[in-house]
There are 2 protein chains.
Amino acid sequence: MNVSDMIPASEQAAELMRALSHPQRLLVLCALGAEEKSVAQLREELGIEQVPMSQQLMRLRADGLVAARREGTSVFYRIARPEVLDVVEALHGAFCGKAKA
Amino acid sequence: MNVSDMIPASEQAAELMRALSHPQRLLVLCALGAEEKSVAQLREELGIEQVPMSQQLMRLRADGLVAARREGTSVFYRIARPEVLDVVEALHGAFCGKAKA
DNA sequence: CTGAAACATTCATAGTATTGAATTTAGATT
DNA sequence: AATCTAAATTCAATACTATGAATGTTTCAG
């Protein structure tokens, strides 16, 4: 890992960290890791109320980390930048024991 | 990677993301990855002024991510929680090409 | 003790983020 | 059209973060 490589990237990388710096957003990305899910599914799985959930999803969408697809009255979200999962997995390893998968 | 594992850890993990959500802090951790360094060394390597550097180091120390050791008038910092480096490396991979080391 | 070097701290201000409450839009159903 | 459900938006209050300017502390040299 090279520091001088990181210097020009540090601004963008820090932005990503800011996007991940909320428990609910982190959990959403974690839950979307494997497969796309509807807002309702995410709410049930994570126990998050409607308004906050929508707010966090909007933020993640604005930051380009997730993408949405509508199907009837439901909206399905999916990860838009897979490399984000590497970071989430590193966190999982750090906080939930070292299993990498 | 398991979502229910992450639910109780999400608060702590988000805190870590907040700690990393500043370009200078990110670079400091990156630069301390391999070895401990003095404040002066860090300043020179990263091109950061005295006060901001001290402020970021204080913040990282308050968050428990680095530890300090004094030697004469110099203070040397080192990574206090190695698992942080996994996250930094994931970032490096995401933003600087896929090399993991 | 005095001064210089290396770090740390304080303070004020401006910018961002979080949260809850209320409201609104979009699509489906009757 | 009326209405129900799912999701999105707005708004206001509060709290957090970043930044620069000024100042304080610790250690060593003389």
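What you see is a predicted model, and the numbers here were worked out from it, not measured in a lab. Chain identifiers are assigned alphabetically (A, B, ...) following the order of the sequence lines, protein sequences preceding nucleic acid strands; residue numbering begins at 1 within each chain.
Contact check of residues 24-41 of chain A against DNA chain D (heavy atom, cut-off under 4.0 Å) returns A:Val39, A:Ala40. Near DNA chain D, meaning a heavy atom under 4.0 Å from it, residues 51-78 of chain A has A:Val51, A:Ser54, A:Gln55, A:Met58, A:Thr73, A:Ser74, A:Val75, A:Tyr77 in order of number.
In this structure, CG in A:Leu91 is found 11.0 Å from CD in B:Gln12, a value given to the nearest 0.5 Å. With rounding to the nearest 0.5 Å, the separation of CD in A:Glu45 from OG in A:Ser38 is 10.0 Å. The CG atom of A:Leu42 sits 10.0 Å away from atom CG of A:Leu29, with the distance rounded to the nearest 0.5 Å.
In this structure, A:His92 contributes its side chain and B:Asn2 its backbone to a donor-acceptor pair below 3.5 Å.
Spacing between atom CG of A:Leu42 and atom P of D:dA6 amounts to 14 Å, rounded to whole angstrom units. Counting to the nearest Å, the C1' atom of D:dA6 and the CD1 atom of A:Ile48 are 16 Å from each other. With rounding to whole Å, B:His22 atom NE2 is found 14 Å from D:dC16 atom C1'. Between B:Met17 atom CE and D:dT17 atom C1' there is a gap of 17 Å when expressed in whole angstrom units.
Heavy-atom contacts of chain B under 4.0 Å fall on DNA chain C between two terminal nucleotides, which in 5' to 3' order are C:dA6 to C:dT10.
Nearest heavy atoms, A:Leu32 versus A:Tyr77: CD2-O, 3.4 Å. Between B:Leu20 and A:Met17, the shortest heavy-atom distance links the atoms O-CG, 3.4 Å. Listed here is the closest heavy atom pair of B:Leu26 and A:Ala13: CD2-CB, 3.6 Å.
Note on residues 12-26 of chain A: no pairs pass salt bridge (Lys or Arg N to Asp or Glu O under 4.0 Å), not counting sequence neighbours.
The side-chain hydrogen bond (donor to acceptor under 3.5 Å, both in side chains) test applied to B:Glu71 returns B:Arg69, not counting sequence neighbours. Remark: A:Gln50 pairs with no residue by the side-chain hydrogen bond (donor to acceptor under 3.5 Å, both in side chains) rule, at least two apart or across chains.
In this structure, A:Glu49 reaches neither bases nor backbone, as no heavy-atom distance under 4.0 Å exists between it and the strands shown.
Counting non-hydrogen atoms of neighbouring residues, nucleotides and ligands closer than 6.0 angstrom, the CD atom of B:Glu36 exceeds 12 such neighbours.
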